[in-house]
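Written below as structure tokens is the structure these notes are about.
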Amino acid sequence: MPTTEENNPTGLSDPPGNPPRVSVIMPAFNTAAYIAESIDSVLEQDYPNLELIVVDDGSTDGTVEIVQRYGDRLTLLTQQNQGAAVARNAGIAAATGEYIAFIDSDDVWLPGKVTAQVLYMQQHPEIGFTHTRFLSWKPDANGAFPPPAEMAKPEMPDREAPGVVAEGSGWVYNQLLMESLPHTITVMMRRQLVDAVGEFDPQLKRGQDYDYWIRASRLSEYRQLDRVTALYRLHGAGCITRYPDVNYEVEVVQRALARWGRVGPNGEETPASVVRRRLGDAWFTFGYHHYWSASPRIARHAFLQALRQRPLRLKSWAYLGLSAFKSLRPGER
């Protein structure tokens with residue numbers, strides 16, 4: 001007669017048939033070329049109690065038809081195009097799991113991801129937020145993406161949870177003021193924490209996830225698991241290639257500073273000089289991208305803001321002059 005361990009090789013306590021324990025939220029917009037691979041990477045996870053909620057955000061390229069082929073293996077929600085924040089909020093509202101995880105419709109999970117994170121969170125009930133390492137997934141010269149198995153050897157978890165990356169773990173509010181540590185497609189949160197944090201902010205056209213992680217970091221310690229569990233696809237159709245006219249990165253950080261200041265929940269304080277450097281660098285990067293993408297007026301404003309934070313940075317003065325001169329040309333914005 002098979003033992004309990006043989007029937008349940010993952011070592012997890014929940015047998016199939018229980019209400020879904022992990023709810024996976026996948027917003028989708030015009031990713032017909034990739035979404036099947038993303039869906040398959042979720043449905044093929046070895047975790048027994050999982051539900052996938054795909055929220056289509058007004059796709060026009062056949063994405064919905066592809067998702068519909070999966071039938072009752074997933075839940076499909078549709079909405080008019082309102083952005084990823086609204087889509088994720090709709091998915092969370094429909095979710096029934098004790099844990100909430102996120103994936104985008106052009107990325108993939110590696111085998112064992114869900115099991116590894118649930119194992120860790122079961123063994124550490126005080127932790128409400130886990131994330132992991134990931135790899136950027138680039139196409140070859142012909143535009144083809146290498147098979148996921150060639151990118152990273154899947155690490156199948158046993159009854160021992162994976163180790164932890166110290167730099168991405170703990171009370172990370174102060175670290176998050178400097179950068180957005182977790183990648184959305186690696187995050188798993190307890191439902192109680194999600195409910196406490198609230199919704200993703202649809203007013204932020206970029207950086208909604210960054211804002212969310214900062215808000216969550218005021219309520220729970222984080223743990224970054226030392227395992228590559230996801231591939232982040234880099235392709236020309238992604239929004240990462242288009243810089244917005246608003247510096248959402250700075251807006252997110254300034255919101256956090258206005259609400260909570262420079263002191264984290266654990267008492268750690270980020271020096272004011274470090275914050276000024278952080279904001280100055282973010283404004284400089286924003287201006288630099290706009291200068292070279294033919295938006296010199298936006299760039300000029302950005303370099304002025306950078307100099308308010310770091311007035312002695314000569315490179316900012318140089319680019320301010322260049323963008324001011326360039327903005328005088330007819331038709332420049």
Side-chain angles (χ1 to χ4, degrees), residues 10 12-29 31 35 38-59 63-64 67-68 70-80 82-109 113-122 125 127-132 182-202 204 208-213 215-217 219-220 222-223 229-230:
T10 63
L12 297 167
S13 59
D14 300 298
N18 280 357
R21 190 172 178 82
V22 175
S23 298
V24 183
I25 313 302
M26 179 188 290
F29 177 69
T31 50
I35 193 169
S38 299
I39 290 173
D40 290 343
S41 77
V42 175
L43 297 181
E44 292 171 2
Q45 292 286 309
D46 65 348
Y47 188 75
N49 293 323
L50 180 149
E51 69 173 355
L52 173 59
I53 302 171
V54 179
V55 186
D56 183 75
D57 189 37
S59 295
T63 294
V64 170
V67 178
Q68 288 173 332
Y70 287 86
D72 61 5
R73 297 179 66 196
L74 53 75
T75 298
L76 171 63
L77 306 178
T78 60
Q79 63 182 36
Q80 294 181 340
Q82 300 175 73
V86 176
R88 289 194 181 105
N89 290 338
I92 290 170
T96 62
E98 181 180 345
Y99 300 104
I100 305 293
F102 304 96
I103 184 173
D104 291 336
S105 59
D106 50 359
D107 303 320
V108 303
W109 283 352
K113 176 194 187 292
V114 176
T115 296
Q117 289 182 274
V118 174
L119 270 173
Y120 186 90
M121 297 179 84
Q122 282 185 320
I127 300 302
F129 189 113
T130 62
H131 60 116
T132 74
H183 197 296
T184 304
I185 65 173
T186 76
V187 168
M188 182 181 290
M189 302 172 65
R190 294 188 191 276
R191 180 62 191 247
Q192 300 98 309
L193 179 58
V194 170
D195 290 341
V197 175
E199 294 189 331
F200 287 84
D201 188 347
L204 295 169
Q208 319 101 332
D209 46 359
Y210 186 16
D211 172 73
Y212 203 84
W213 313 149
R215 287 153 57 196
S217 74
L219 303 174
S220 172
Y222 284 20
R223 292 293 184 270
T229 68

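By convention here, the first residue in the shown sequence is residue 1.
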Measuring from atom [atom1] of [X] to atom [atom2] of [Y], what distance do you get when rounded to the nearest 0.5 angstrom?
X    : Y    : atom1 : atom2 : result
L119 : M121 : CG    : CE    : 12.0 Å
I185 : D209 : CD1   : CG    : 11.0 Å
M189 : Y212 : CE    : OH    : 4.5 Å
D104 : D107 : CG    : CG    : 5.0 Å
I53  : L74  : CD1   : CG    : 10.0 Å

Mind checking whether [X] and [Y] have side chains closer than 4.5 Å, heavy atoms only?
X    : Y   : answer
I103 : V24 : yes
S38  : M26 : yes
N49  : Y47 : yes
V67  : V64 : no
Q68  : L76 : yes

Query - Salt bridge flag under 4.0 Å for residues D57 and R88 - result: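 Judged by the 4.0 Å cut-off on N to carboxylate O distance, D57 and R88 do not form a salt bridge.
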Show the nearest heavy-atom pair for residues [X] and [Y], with the distance to one decimal.
X    : Y    : result
A90  : Q79  : CB-OE1, 4.1 Å
L50  : Q45  : CD1-CB, 4.3 Å
K113 : T229 : CG-CB, 3.4 Å
A94  : E51  : O-OE2, 4.4 Å
V187 : Q117 : C-NE2, 4.2 Å
R190 : I127 : NE-O, 2.7 Å

Under the rule for side-chain contact (heavy atoms from CB on, under 4.5 Å), what residues qualify as partners of [X], not counting sequence neighbours?
X    : answer
L43  : I39, L52, Y70, R73
A28  : T31, I35, V54, D56, T63, S105
A196 : L219

Query raised in the report: Are side-chain N/O atoms of R191 and Y99 paired as donor and acceptor at under 3.5 Å?
Result: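 Looking only at side-chain atoms, Y99 and R191 do not form any donor-acceptor pair under 3.5 Å.
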Can you check whether [Y]'s main-chain N or O pairs, donor with acceptor, with [X]'s side chain at less than 3.5 Å?
X    : Y    : answer
Q82  : A87  : no
S220 : G128 : yes
R215 : E199 : yes
W109 : D40  : no

Query raised in the report: Passes side chain to side chain contact (heavy atoms under 4.5 Å, CB included), V114 versus M188? Steps please.
Result: CA-CA 8 Å; V114 176; M188 182 181 290; 4.1 Å; yes
Requested in this report: On the 0 to 90° scale, with breaks at 30° and 60°, tag the Y222-F129 ring pair as parallel, tilted or perpendicular.
Outcome: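 Y222 vs F129 ring planes: parallel.
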Query raised in the report: Taking the six-membered ring for Trp, is the centroid-to-centroid distance between F102 and F200 below 6.0 Å?
Result: yes
